[in-house]
Structures are given as C-alpha cells and as structure tokens.
Chemist: 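Have a look at this one before I ask anything.
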Number of protein chains: 2
Amino acid sequence: MDRFTALQVFRHVAELNGFAEAGRRLGLSPAAISKNIAELEAHVGARLINRTTRRMALTEEGKIYLEHVVRGLDALSEAEQALSPLRTGPSGTLRVSAPMTVTLTRLSAAIPRFLTRYPDIVLDLHLDDRRVDLVREGFDLAIRGSDSLEDSSLIARKLTVMRHVLCAAPSYFEAHGRPRVPSDLRSHDCVRFSLSGHADVWEFKKGGRTERVPVNARYSVTSSLAVRDALREGFGLSLMPKPYVEDDLREGRLQCALEDWGTVETTLYAIYPSRQHLAPKIQAFLAFLAEEFGRP
Amino acid sequence: MDRFTALQVFRHVAELNGFAEAGRRLGLSPAAISKNIAELEAHVGARLINRTTRRMALTEEGKIYLEHVVRGLDALSEAEQALSPLRTGPSGTLRVSAPMTVTLTRLSAAIPRFLTRYPDIVLDLHLDDRRVDLVREGFDLAIRGSDSLEDSSLIARKLTVMRHVLCAAPSYFEAHGRPRVPSDLRSHDCVRFSLSGHADVWEFKKGGRTERVPVNARYSVTSSLAVRDALREGFGLSLMPKPYVEDDLREGRLQCALEDWGTVETTLYAIYPSRQHLAPKIQAFLAFLAEEFGRP
DNA sequence: ACATATTGTTCACCGTCAGAGGATAATCCG
DNA sequence: CGGATTATCCTCTGACGGTGAACAATATGT
C-alpha cells in the first residue's frame, strides 16, 4: 500500500463526503478509492468510515484519525512550500570557501555588487587557503587553484586561467640587471611562494623547448601578497600570477622580464557538490563568478 | 515513488547521518536508500543532502525540509497512536438505537452494570421505535425486532427469540370467560399493538394446523407497555411478548390463555455496519447483549 | 605504505502491487 | 417502478520499487 496516497484518499473522502466524488477529484477510479480505504483500515486496525452504497459517515475512530492526518498532511505540504522561495529566487545562506589571495585581488571588491543584486542572499565567505572538505564543513561552493587535482565526485567549473609573469621592481633590475634567459635566474634573488605546486622549480617554455630553473630563494612565504610586497620593496624577483600585479605593472611599480617565455598557468575552479538540483543561490553565485573572472 | 517511505528514508538518513545506517535501520538496501533520496530531491526540485561516499550533510533546503517533514510524520504516527486506546480497550462514545419497549423491559435495568464494567465507555442510547438509518445517523449499533427484514449490507446478530402469549387480568377472565380455542377470540375485547407486523390477524398453531383470527380491537396503541397497562386494568386481552409480562404472570396480575397453542415469535437482532475492524466498544456491547438476552 | 573495509552510486533484472475496467448489488430519486 | 448513482468485488496488466552485483572513492589498521 502506498500510505501517502491512502491518507490523501482518506482525507478527500472524509472532506468531500463520498467515495465517487473523491475519486473524481483525485483522478482515481472508485474501485481504487474503495481499496485504499479498506487497506488503510486494515493497517490501522479499526473501521474509519461506516458506509453503505448511498451513505457514509466517519466513525469515532475515523474522526480522531482524520484530525491528525489532516495536520500531518498539511505539515508535509507546507514542507514543500517552505522550499519554494529557495527554489524560485536566489535566497538563503550561501557558504563559500575561497583562497585568501584570489579573493582579495580579484573578487572581494565585487562582492557588494553581488549582494546588492540578490538582496535575499546571505553570504558567509570563508577565506582559507586550506583545501577544505566541502560536505564535511557544509560549504555550498569553494574556489580552488588548479594544484588541487580533481576531487572525487565534486563538480569543478573552470573560472579563469591566470598566466604568470616574472617581475620585480625597477630598482631591483637597476641593481641586479635584467635576466635575458631563464638560466640567468640562478644568480638572482628569488622570492618563493611556498604553497605553489611549482615552488622549487620554475619552468619556462619557448618554441617547444622547456627550461627548468631551480629557485634560489632566501625568503619563502605562504602568501602571494607578501611576495608582492617584497617585490615592491625591490627585494627580489618572483613568478607572479599576472592579475595580482596588473596594477603594479600599469603604474610602473613593477616590471616584467622574460616576457617572451611562456610560464606556468594556474587555473581557477569553482567546486560544488552536485550538478543536479543546483540551488538558485548557487547558480547565481556561479554566474557572478563567471562574469567577474570573465573580465579582461 | 512511494512518498511516505521516501520521507521516512529522508528522515532516518538525516537523523542517523548516513545512508547505510538508515538502510540497516529500515531494512532496506543502500541502493534503495540512494534511490529514494534521489527521487525525493527530484520531486522537491532541490538538493537536500550533499554527499560523497564518506561524508554527508544536509543542505539549507534539507534542513528546512527536514523540520517540516519531522512534524508531519510525527503527526501521522500520533494519528495511529490516538486510535490505539480505542482499539485495545473498549472506550469512546457508543451510540445505540433501540426500541423503547424492549429496552425498558429487558435491558435498561442492566445498563448500569455494563457502564460500570467499562468505565471508559460513554453510552448514548436512543430509544426510538423508528427503524433508524444506521450510517446516516451515525449509530454504532441498533436493536431491532424481526419485523424489519434484513437490511442491505448491515450485519445482523440474533439476540433472542421472544415467544408471545395470550393473556389478560384474572378479573377480565372472570367477567368475559376464558377462551378455549382461537376462534373464541372473535367475541372478546382485544387490545391491539399497532406497530406489530401481526397487528390485525393473530395466528395460532397446534399440531400442524394454523388458525387465523381477525383481531377485534377497540383500543390500538403503539406501545406494548400501554397494552400491558390496559390488560392489568382488566380492559381486554392481547398477545404479548412473554418477557414483557413475566412478572405479571408470576405475581398473578395477569394470566395466560390458549397456552397449548403456538403463536408468533419475535426475533431480536443487533444490527451494526460491518464485521471488519469491529471496535472494542462495540464488541463489548455485543457481548453484553448476548449475555443479557441469553438469560432465561 | 599497503591491504582491508565501508560507503554511496549505478545498472539490469525481477516480483509485486496499485490502478483500470467491467460486472454486481444496493439504494436513491423522480 | 425504472434510470441513475454508488460502493465493492474480481481479474488482468504495466509500472515501479527493491535487490544484488560491480564500481569508485575514501577511511582505517597494522
């Protein structure tokens, strides 16, 4: 027996005061109605409706039962209504995990725009360079660099590719000279971003050839922003994701070298648990990310 | 999809925090659990549980949904608990319809004993010589004389058979003589119980022969008790159900005639709507009736 | 570090059960 | 007294929910 439909049948019969009428309303044959009621009575172990072919009335048990059943069914239908706002419009709490640096350099300035556009969304943004466990910690979405290989069953959506550039302050180049080929770096002061997957060896490509240069660094640090600060001070040179130093390059605080060599690329992904039944709030944030990282 | 089980599955998964565990508890395979959740999500149109093979957590939607679902399911299980006292012990309101005279002569004195034995039963006894419509008027049970032929789908349980006796007061017999054969009645004053099926012609049987005597009555009345009162006053004679005049006969207020002739019999039935899922309160009353009418 | 165990998912297969449809009996209504 | 409506019974069938295997991912233990 499908208890859910049996209960609905019972309710309709009771409220419409008739088997046939209930059948019409529910799109079932009178036979089905009869069967459902009979089975429900067998399940409950009590007669719920006294009936002849022409007349029907709830028994005392039926009245008591109906009362509870109505409450129960209403609560359940309410359950689905409660979800409908979350399904139709982007709303609710959105828990996002993102690496510190990416966020500060490419995202956080735009967040207010996102929140203004979707007034019913509450954003809980955790800046954390750890590779968090999405489901364990209850995140709706995380932003990750490409180092972290594809996880398990999670969905990864590519946001952007960040080219890297070798750069330093003009003062540094004046003092130490400007490298012409990758191997020149052996005699330079490098600043090392220790969380990178390519922290110890830098690769440069040109016309099919690949040069690998061991990094000669006296300063290792776990934040690209700290690296950038060191570069600005003229302390050394480093391989930086280009977007992080865009402003510095434009305004002359930093300069590039070996620009005709290709270097590492970091791909940014948005990671989320499933593609099915994607909540509007998550869809909205994904669209926002795509738009944001789609800019030049 | 059986929505009821799907909801139970969802609840168990959420509360036990795991598909496998829920499956064990519910006696279902993990595959079934997975399927149920997936279908429920499809029905609701939102992801309810984020899950990997090792970890699971409710989404925001899931949390909201769970809350309502729990309330709903609890209300429904309460529904069945609410019936259990009615199922296990005889209790609740018992609506009974019975003919006036039968009740007064054979039952009403015993009713207090019944109510004392079952303290949780409330009795609503309607004395009415009409042949009521059980289901229309919401009666649990009715007592009927045999005149009313077997109804429809209702169940009839035989309670007792009442023999009839021709009787009158001693003073009447002194004044008008005592009939020796049925045909003598033509010259007697009869009192007529007009609701009887045999009001106009009385039948007497003896050794295979049947005598029919038209009733010669100056007084017709719709209550056997009124007939009895008339007899007691010595006004006439009548055919009375024997139990109604038992006391009068024993104490000499009335006397029988034509005792060696067989007469009409009235069978008393208890009528109730269905044999299936007979409520304990009804069972109890039926047993009480059988006991009461089973006495000599 | 490797083997083992556990978990959620997918797939093909199958047994069962809920519903349709027709027939029947009972009952109401004009 | 028919015609109309109603609940119920019966049989048949298609759909659907469950199993059980294989599989992928991830803990756990020695």
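Hydrogens, waters and symmetry mates are skipped; everything else that's a heavy atom, side chains included, is used. Below, chains carry the letters A, B, ... as their sequence lines are ordered, and counting in each starts from 1.
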Chemist: What's the CG-P distance between A:L16 and D:dA7, to the nearest Å?
Modeler: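 That distance rounds to 11 Å.
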Chemist: Under 3.5 Å, is there a donor-acceptor pair linking the side chains of B:E61 and A:H277?
Modeler: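 The answer is no; no qualifying pair exists.
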Chemist: Look at the side chain of A:R24 and decide which nucleotide, out of C:dT7, C:dT9, D:dT6, has an atom nearest to it.
Modeler: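 Per side-chain heavy atoms of A:R24, the pick is D:dT6.
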Chemist: Looking at residues at least two apart in the chain, or sitting in another chain, which of them share a ring pair (Phe, Tyr, Trp, His ring centres under 6.0 Å) with B:F288?
Modeler: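 B:F114, B:F285.
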Chemist: Check every atom of D:dT8, C:dG19, C:dA20 against the side chain of A:S29 and return the nucleotide holding the closest atom.
Modeler: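 The answer is C:dA20, which lies nearest to the side chain.
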Chemist: Is it the case that the side chains of B:H43 and A:E80 hold a donor-acceptor pair, with the cut-off being a distance below 3.5 Å and no angle test?
Modeler: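 Short answer, yes.
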Chemist: Hey, does A:G23 reach any base, or is it just sugar-phosphate, or nothing, if we go heavy atoms under 4.0 Å?
Modeler: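 No contact.
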Chemist: OP1 or OP2 of C:dG8 less than 4.0 angstrom from a side-chain nitrogen or oxygen of B:R55, does that happen here?
Modeler: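 It does not, given that no N or O in the side chain of B:R55 lies less than 4.0 Å from OP1 or OP2 of C:dG8.
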Chemist: Start with the C-alpha distance between B:D133 and B:V135, add both sets of side-chain angles, then the distance that settles side-chain contact (heavy atoms from CB on, under 4.5 Å), and finish with yes or no.
Modeler: CA-CA 6 Å; B:D133 181 331; B:V135 302; 3.6 Å; yes
Chemist: To the nearest Å, how far apart are A:I37 CD1 and D:dT6 C1'?
Modeler: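 The distance from CD1 of A:I37 to C1' of D:dT6 comes to 15 Å, rounded to the nearest Å.
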Chemist: The test is side chain to side chain donor-acceptor pair (under 3.5 Å); show your working for B:T59 and B:R47 and say whether it passes.
Modeler: CA-CA 7 Å; B:T59 62; B:R47 182 157 249 250; over 6 Å; no
Chemist: Could you state the CG-P distance from A:N50 to D:dT8, rounded to the nearest angstrom?
Modeler: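 Atom CG in A:N50 sits about 11 Å away from atom P in D:dT8.
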Chemist: Provide, to the nearest angstrom, the distance between the CG atom belonging to B:N17 and the P atom belonging to C:dT6.
Modeler: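 Computing the B:N17:CG to C:dT6:P distance gives 18 Å.
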Chemist: Looking at A:R136, does any N or O in its side chain come under 4.0 Å of the phosphate oxygens OP1/OP2 on D:dA27?
Modeler: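 Answer is no, no contact under 4.0 Å.
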Chemist: For a quick check of understanding: with a heavy-atom distance under 4.0 Å over all strands, which category does A:E39 fall into, base, sugar-phosphate or nothing?
Modeler: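 If one applies the 4.0 Å heavy-atom cut-off, A:E39 turns out to touch the sugar-phosphate alone, with no base involved.
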Chemist: Both B:D133 and A:K35 contact DNA chain C. Taking the nearest nucleotide for each, which residue is further toward the 5' end?
Modeler: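 Looking at DNA chain C, the more 5' nearest nucleotide goes with A:K35.
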Chemist: Quick one: A:L154 CG to D:dT26 C1', roughly how many Å, whole number?
Modeler: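 Distance, rounded to whole Å: 12 Å.
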Chemist: Could you tell me whether B:I33 contacts a base, only the sugar-phosphate backbone, or nothing, with contacts defined as non-hydrogen atoms closer than 4.0 Å?
Modeler: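 Result for B:I33 = nothing.
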Chemist: Kindly assign one of parallel, tilted or perpendicular to the pair B:F10 and B:Y65, based on the angle between their ring planes and the thresholds 30° and 60°.
Modeler: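 Plane angle between 30° and 60°, so tilted.
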Chemist: Within this structure, what is the CD-to-P distance between A:E21 and D:dA7, rounded to whole angstrom?
Modeler: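 Result: 10 Å.
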Chemist: Toward the 5' end of DNA chain C, which comes first, A:G27 or B:M56, by nearest nucleotide?
Modeler: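 Taking each residue's closest nucleotide, the earlier one in sequence belongs to B:M56.
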Chemist: Phosphate oxygens OP1/OP2 of C:dT9: is one of them under 4.0 Å from a side-chain N or O of B:S34?
Modeler: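 Answer yes for this pair, as a side-chain N or O of B:S34 is under 4.0 Å from OP1 or OP2.
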Chemist: Checking all strands, does A:A20 fall into the base, sugar-phosphate, or nothing category for heavy-atom contacts under 4.0 angstrom?
Modeler: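 Since only primed, P, OP1 and OP2 atoms lie under 4.0 Å of A:A20, the category is sugar-phosphate.
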Chemist: In terms of side-chain heavy atoms of A:A32, which of C:dT9, D:dA7, C:dG19 is nearest?
Modeler: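 Given the options C:dT9, D:dA7, C:dG19, the side chain of A:A32 is closest to C:dG19.
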Chemist: Report yes if at least one side-chain N or O of B:R51 is closer than 4.0 Å to OP1 or OP2 of C:dT9; otherwise report no.
Modeler: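 Yes, within the criterion.
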Chemist: How long is the line joining CZ of A:F4 and P of C:dG19, in whole Å?
Modeler: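 Going from CZ in A:F4 over to P in C:dG19 covers 13 Å.
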Chemist: Round to the nearest Å and state the distance from B:F19 atom CZ to D:dT26 atom P.
Modeler: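 Those two atoms, CZ and P, are 16 Å apart.
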Chemist: Assign B:R3 to base, sugar-phosphate, or nothing according to its heavy-atom contacts below 4.0 angstrom with the strands shown.
Modeler: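 Nothing, no heavy atom under 4.0 Å.
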Chemist: Give the nucleotide from the list D:dC9, D:dA7, C:dG19 with an atom nearest to the side chain of A:A31.
Modeler: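 Given the options D:dC9, D:dA7, C:dG19, the side chain of A:A31 is closest to D:dC9.
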